[in-house]
Amino acid sequence: MGKNDILFERAQKTIPGGVNSPVRAFRQVGGTPRFVAKAKGPYFWDAEGTRYIDLIMSWGPMIAGHANPEVVEAVKQAAETSFSYGAPTEGEIELAERICQLVPSIEQVRMVSSGTEATMSALRLARGHTGRDLIIKFEGCYHGHADSLLVKAGSGLLTFADSTQNAPSSGGVPQDLVKHTLVLPYNDVQALKEVFVKQGDQVAAVIIEPFAGNMNLIKPSKEFLSTLRQLTSEHGSVLIYDEVMTGFRVALGGAQSLQVITPDLTCLGKVMGGGMPMAAFGGKKEIMSKLAPLGNVYQAGTLSGNPVAVAAGLKTLEIISREGFFDCLTGQTEKLMSGFKLAADEAGVPFAVDSVGGMFGFYFANEVPTSFEAVTKTDIEAFKKFFHLMLDQGVYLAPSAYEAGFTSITHDNGVLEEIITAAKTAFKKL
Ligand SMILES: *Cc1c(COP(=O)(O)O)cnc(C)c1O
């Protein structure tokens with residue numbers, strides 16, 4: 001038995017499933033999760049000393065590469081002066097100013113410690129602001145694990161106004177909460193219009209992943225987005241862009257800068273903490289000023305705006321703001337995906353790819369899917385085989401066909417070549 005197996009057995013005794021977040025457990029692909037010992041740039045080494053090229057990068061945050069020397073230095077300096085005060089610091093103002101500058105729809109921002117907290121708080125704020133309870137989310141979008149957001153619709157989409165059609169996708173979520181969440185198919189303009197005709201004036205907020213990254217990578221159509229913005233404006237509903245994954249990852253100004261859409265509220269996380277527990281939500285001052293201590297919508301956090309996390313976030317934002325950063329990252333990610341596509345074509349494997357900035361998706365299907373339903377129809381068995389063939393060659397992909405992939409600025413040409421060579425071998429063996 002290898003060290004990873006030994007650690008996994010040991011972990012399962014004291015940690016449910018042996019992991020502190022479910023996807024890490026390799027349940028979809030099978031096999032033993034790799035226990036990470038250390039990482040540098042685009043690589044990590046597991047407990048057995050095996051080196052892997054990392055294409056998850058902590059699910060997005062490590063955009064500047066693992067253990068980036070500048071970020072490490074900033075964290076060290078911050079840590080020297082204690083880890084937490086529970087009182088405000090100048091660093092938080094700097095980070096808030098930087099965020100507002102990079103994402104102009106954000107006039108004011110509140111810092112929290114996880115993406116879940118950001119979306120949960122943004123929802124509460126939207127409900128407090130509108131005095132309404134109903135929220136709309138889209139099938140296949142993940143917004144963290146708050147009760148109201150762990151919901152998927154039943155199959156009767158035309159009866160979506162009937163709350164009994166909603167079923168929580170998790171145990172422990174009360175039906176009483178679920179009835180306030182409507183779930184619509186992503187990219188379905190008609191369904192969106194119908195629900196607003198029937199119930200538009202009850203909708204507190206619509207929350208969306210502007211590029212969905214939690215059902216593989218799925219892009220929205222222009223019409224879908226413009227309809228969404230128009231309907232929410234008309235009905236006084238708050239449009240929440242959940243950019244926890246896409247913020248500072250697909251472009252310096254996030255998905256909204258590429259889509260030329262101005263949301264009312266935006267949630268951020270992942271990249272903004274540079275790998276430290278840090279997230280935020282922000283938007284129109286008119287809405288944000290309803291938050292305590294100014295307004296009556298309560299939200300708080302002992303470790304919110306943590307100085308060490310702020311230091312990591314500020315340095316990471318500085319690095320990604322440098323000239324050419326996103327052009328380079330975007331180009332490398334496109335190069336990686338076209339390498340995959342070419343290798344699949346040569347082997348005669350039906351395969352499609354897509355990417356935006358430093359985020360990519362690949363699909364064992366003839367074309368790029370545009371909805372959750374289409375993703376579930378891709379060849380998951382082929383993905384599982386491909387995942388293990390790549391892992392055996394030292395390339396670490398997300399252990400699920402329903403996740404996007406992530407690159408960093410340290411994934412240079414040499415690294416890409418190594419990945420594509422492995423992909424060629426893997427496709428031939430499929
Ligand atoms: C990761 C993610 C979250 C949850 O963030 P956590 O920090 O894991 O709580 C929320 N929304 C989106 C779009 C995400 O990708």
Side-chain angles (χ1 to χ4, degrees), residues 19-25 55-63 103 110-126 135-152 169-170 181 183 186 205-220 225 228 239-251 254-256 258-259 261 263 265-283 299 301 303-306 309 312-313 316 356-361 372 375 398-400 402-406:
V19 292
N20 281 311
S21 197
V23 188
R24 297 179 195 169
L55 286 174
I56 303 182
M57 303 309 283
S58 183
W59 302 95
M62 311 314 291
I63 200 167
V103 187
R110 172 67 56 87
M111 282 156 214
V112 293
S113 303
S114 74
T116 293
E117 249 188 288
T119 56
M120 182 183 82
S121 310
L123 269 193
R124 183 181 304 139
L125 178 58
I135 57 160
I136 295 176
K137 75 175 284 286
F138 298 97
E139 197 179 9
C141 285
Y142 177 68
H143 303 291
H145 61 88
D147 282 345
S148 300
L149 292 165
L150 282 181
V151 185
K152 62 184 174 196
S169 32
S170 162
T181 306
V183 186
Y186 202 81
V206 181
I207 186 166
I208 185 169
E209 280 186 76
F211 293 110
N214 287 288
M215 48 171 163
N216 209 320
L217 169 62
I218 304 286
K219 291 180 178 171
L225 287 180
L228 187 58
L239 176 58
I240 305 175
Y241 254 39
D242 180 356
E243 296 226 42
V244 169
M245 184 181 281
T246 56
F248 310 123
R249 164 57 64 186
V250 300
Q256 55 195 271
L258 299 175
Q259 296 169 344
I261 291 268
L265 292 179
T266 297
C267 300
L268 295 166
K270 297 194 167 104
V271 170
M272 77 159 281
M276 297 292 280
M278 154 79 77
F281 64 103
Q299 188 281 326
L303 297 178
S304 292
N306 175 271
T316 301
V356 55
M359 178 171 165
F360 64 82
F372 178 68
V375 175
S400 163
Y402 301 132
E403 303 287 350
F406 305 95

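Atoms within each ligand, like the ligands themselves, are counted from 1 in listed order.
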Note to self: Tell me the nearest of M245, K270, M120 to atom 2 (C) of ligand 1, using heavy-atom distances.
What the structure shows: K270

Notebook entry, point to check: For atom 13 (C) of ligand 1, which candidate among D242, L268, T119, I207 holds the nearest heavy atom?
Noted result: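 Of the listed residues, D242 has the closest heavy atom.
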
Notebook entry, point to check: What are the two closest non-hydrogen atoms of V112 and S304, and how far apart are they?
Noted result: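 Closest pair (atom of V112, atom of S304, distance): CA-OG, 3.8 Å.
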
Checklist line | T246 contact mode with ligand 1 (heavy-atom cut-off under 4.0 Å) | finding: neither

Margin query: Can you tell me which portion of H143 lies within the under-4.0 Å heavy-atom range of ligand 1? Options are side chain, backbone, both, or neither.
Written below: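 Near ligand 1, H143 shows its backbone, while the atoms from C-beta on stay back.
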
Within the 4.0 Å heavy-atom shell around [X], which atoms of ligand 1 are there?
X	value
T116	4 (C), 5 (O), 6 (P), 9 (O)
Y142	11 (N), 12 (C), 13 (C)
S114	7 (O), 9 (O)
E209	13 (C)
N214	12 (C), 13 (C), 14 (C), 15 (O)

Next item on the list: Among all protein heavy atoms, pick the one closest to atom 6 (P) of ligand 1 and tell me residue, atom and distance.
Entry: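 Checking every protein heavy atom, the shortest distance to atom 6 (P) of ligand 1 gives G115 N, 3.4 Å.
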
Check: Which protein non-hydrogen atom lies closest to atom 3 (C) of ligand 1, naming both residue and atom, and how far is it?
Finding: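 Going by distance alone, atom 3 (C) of ligand 1 is nearest to V244 CG1, 3.7 Å.
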
Next item on the list: Would you please say whether a donor-acceptor pair under 3.5 Å links the side chains of Q299 and R110?
Entry: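 Their side chains do contain a donor-acceptor pair, which is all the 3.5 Å distance test asks for.
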
Margin query: Is a donor from one side chain sitting under 3.5 angstrom from an acceptor on the other, for Y241 and Q259?
Written below: yes

Notebook entry, point to check: Given L268, which of M111, E243, M278, M245 fulfils the side chain to side chain contact (heavy atoms under 4.5 Å, CB included) condition?
Noted result: E243

To the nearest 0.5 angstrom, please state how far the [atom1] atom of [X] sits from the [atom2] atom of [Y].
X	Y	atom1	atom2	answer
F138	M215	CZ	CE	10.0 Å
I208	I136	CD1	CD1	11.0 Å
Y142	L150	OH	CG	6.5 Å

Item checked: Test item: S58 side-chain N/O and G60 main-chain N/O as donor-acceptor pair under 3.5 Å ->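 Flag not set: sc S58 to bb G60 has no pair under 3.5 Å.
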
Check: Is the closest heavy-atom distance from H145 to ligand 1 below 4.0 Å?
Finding: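 False for this residue.
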
Check: atom 8 (O) of ligand 1: protein heavy atom closer than 4.0 Å?
Finding: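 No, because not a single protein heavy atom sits under 4.0 Å from atom 8 (O) of ligand 1.
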
Check: So, do E209 and N214 sit near enough that their side-chain heavy atoms are less than 4.5 Å apart?
Finding: yes

